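Heads up: the structure comes next, in structure tokens.
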Amino acid sequence: MFRSLHMKLVLIMVLIMISVMAVVGTFLVNSVTTYNIDNFLSQMTMVFTPEFISKLEDIEADAQQPEEELSALLSAYSGALGIDKYRSFYILDAGNGSYLDGSDDQLAQTLMLTPNILTAMQGKVGEDIERLSDYFDVAIPVNVDGDSGYIVGVMDTKQELTDMNWNLVTILIRAMLFGVMVAVLLSFFLAKTITTPIERLTDQATSIAEGDFGEPAEVYARDEIGILTQTFNEMAGILQDNLHTIEDERSKLNTLFTHMADGVVAFDKQGHIMHHNPEAAKMLGINFSEHTTYSEVFPDLVVQESDMADDGKYIEVDYVNRGRILKIFFAPLRGTGTVSGGIMAVLHDITQQKRLDDARKEFVANVSHELRTPLTNIKGYTETLIDAYDDIDSETRSSFLGVIYNEADRMTRLVKDLLTLTKLDYERMEASDAPVDLRDIAQRVAASMEIEARKQGVVIHCDLPADMPQVSGERDRLQQVIMNIVSNAVKYNQRGGSVTVSSDWKDSMVRLSVTDTGLGIPKEDLPRIFERFYRVDKARSREKGGTGLGLAIAREIIEFHGGTITVDSQEGKGTTVTVALPARQAEASHA
Ligand code: ADP
């Protein structure tokens, strides 16, 4: 109940009130007692003057009935002595202290020999007053000498003082009760003025703790609480700004985290997942849940934390998962405050890079091999000619020179093809929008291949309709493609075979097919024949002067022109290579 500041303040006020009243009461009772004692003593001093005492002594010495006369004299002074029902005078025998006479006969039974009476019995005036005793008294010796003489005294029962003190205490208690009521009421209102701003401030702080900044707390006065409220408002403002900044940063990081090309996964010290991004799920092929653990994500990858104990240290691991090659960087997460730390893995998919790298290595190896073969031949024949020129007959010499010439020619073609590929790879061709007449090209190619075909015992047919639509692009490049395809159809044909160049068009695509009746291509080789340097029959290709680059170049050029090139073949029966290119718009509608 007294936990609230409000009640504490009320309690403090009540305690102060009671304490003040208790102190005031004590002082008052004390003062009244002192006043009473002083008053009693001054009354006694005024009456029991030396003259009065000598008068008493005279009576004791001369009177017939000294007790009655002494009593009569004291009675005459009873007003000055303040004799009433609580205060009495008495006359005692100095010898034994027995009661002789007095204003109140009851005293004969109740009077005790007080210290003052004992003092008087020794001949001295007894006027010591004990504050705490339950009476006041004075005792005066009258001619006390051994057993003779009297003691005259006044005894006050203090009843009047006690009554007065009780009245005083009663008044004070009433005043205190009333004061406590007023204090409680006042303190309620006063406490409200203090606690209301504090309660508002507490509400505001609670709202802020729940993330609701709302309106700033109202400043009621320029006192300490007012300054506290103002400082609190300023602090809340700074906090809100900082939270906004952090939120902005978090949102930027989150966007980066979600859309970055690398995968990121973080685990706590116990191996439970803390963060992951969509790319990581994609690369690892895992549906992450909040219960995913490290051992589920990387079952066969144990990373020792001691390996990366120092700041900035990370471990790099190549990891093969579902046919993809991932480079994973493991870095320790430093724990701060309540975060216990853990490990973060950044995943980088290097499959493509690795493939390109392998392809580059293979390409370099192929190029070296392709160049070395003709060079070895040229060198071998040249050496033989130099060493044994005179021993070789002229027919053999010219056959040797023919080989050297052919090998040099093959190297020239190889270098030319390589240059063409390099150009296609690095110096992207400018897209040309010039009209190209495929029919015309095909007929020219067929004509230029005529002699070679006849040599091979192959016939070339051109079955191309006159209204064949034109295409757009670079004439020379497209001619190179058709040349490669027709020359393959002748090269890989057999005596008595034929090559047919035909065409058809639909859906705004123009198709040019070159069909031969040659050797055909085995099914398993079909997917690879567009690869650089890939040959089905290496010996035959070399023998026919092939470089293994013709179809690779053809595909690059056709795809650049927005078309496709496909091969359909049956081993032993023949092959059809089809090039499909987008028709020129005007021609397409005409088709
Ligand atoms: P090449 O210079 O060896 O002819 P290409 O890239 O033009 O290189 O062709 C790749 C391989 O595909 C050839 O080596 C050959 O084995 C095969 N090939 C291409 N065209 C035909 C075809 N019309 N008939 C049979 N095989 C073919």
Side-chain angles (χ1 to χ4, degrees), residues 359 362-363 365-367 369-374 406-425 442 445-446 448-449 452-453 455-463 477-502 511-560 564-579:
E362 197 186 322
F363 184 73
N366 280 332
V367 170
H369 181 74
E370 292 298 327
L371 286 174
R372 207 176 49 222
T373 316
N406 282 337
E407 291 296 334
D409 191 42
R410 193 145 72 91
M411 270 177 68
T412 312
R413 255 181 291 123
L414 184 67
V415 172
K416 224 166 101 191
D417 280 357
L418 282 173
L419 271 174
T420 309
L421 269 180
T422 314
K423 271 200 184 125
L424 291 173
D425 282 345
V445 167
S448 70
M449 285 299 294
E452 180 62 27
K455 257 197 238 166
Q456 306 277 336
V458 174
V459 194
I460 303 179
H461 301 289
C462 263
D463 181 13
R477 294 276 183 212
L478 291 174
Q479 182 162 339
Q480 190 180 356
V481 172
I482 296 168
M483 186 67 159
N484 280 347
I485 298 169
V486 175
S487 90
N488 278 350
V490 173
K491 264 194 295 186
Y492 304 109
N493 217 316
Q494 46 204 343
R495 289 216 152 261
S498 70
V499 173
T500 309
V501 184
S502 60
R511 300 195 320 155
L512 185 93
S513 303
V514 179
T515 306
D516 64 63
T517 53
L519 312 164
I521 303 167
K523 231 184 172 68
E524 62 273 18
D525 293 302
L526 269 179
R528 299 197 61 189
I529 55 164
F530 288 104
E531 286 178 20
R532 296 173 185 191
F533 295 111
Y534 190 80
R535 292 149 160 146
V536 178
D537 181 347
K538 285 191 175 55
R540 190 178 173 96
S541 164
R542 286 222 181 82
E543 181 200 318
K544 303 275 179 185
T547 58
L549 295 173
L551 286 181
I553 292 174
R555 188 169 67 172
E556 292 276 345
I557 294 173
I558 294 301
E559 284 181 356
F560 174 77
T564 53
I565 177 164
T566 49
V567 180
D568 188 17
S569 184
Q570 264 190 307
E571 209 178 350
K573 286 200 168 164
T575 306
T576 300
V577 180
T578 306
V579 167

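What you are looking at is a predicted structure, and each value in this text was computed from that prediction instead of being measured. In each ligand, atom 1 is the first atom listed, and ligand 1 is the first ligand listed.
- Considering CD of Gln570 and NZ of Lys523, their distance stands at 7.5 Å, rounded to 0.5 Å.
- For the pair Glu556 and Arg532, the salt-bridge criterion is met [side-chain N within less than 4.0 Å of a carboxylate O].
- Classification of Glu370 and Arg535 as a salt-bridged pair holds, one side-chain N sitting under 4.0 Å from a carboxylate O.
- For ligand 1, the protein residues placed under 4.0 Å by at least one non-hydrogen atom are Asn488, Ala489, Lys491, Tyr492, Asp516, Gly520, Ile521, Ile529, Tyr534, Arg535, Val536, Asp537, Ser541, Gly546, Thr547, Gly548, Leu549, Gly550, Leu551, Thr575.
- Side-chain contact annotation: Asp568 with Thr576, donor-acceptor N/O pair under 3.5 Å absent.
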Step by step, work out the side chain to side chain contact (heavy atoms under 4.5 Å, CB included) result for Val567 and Ile529. CA-CA 9 Å; Val567 180; Ile529 55 164; 3.7 Å; yes
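- When all heavy atoms are compared, the tightest approach of Val501 to Ala442 is CG1-CB, 4.0 Å.
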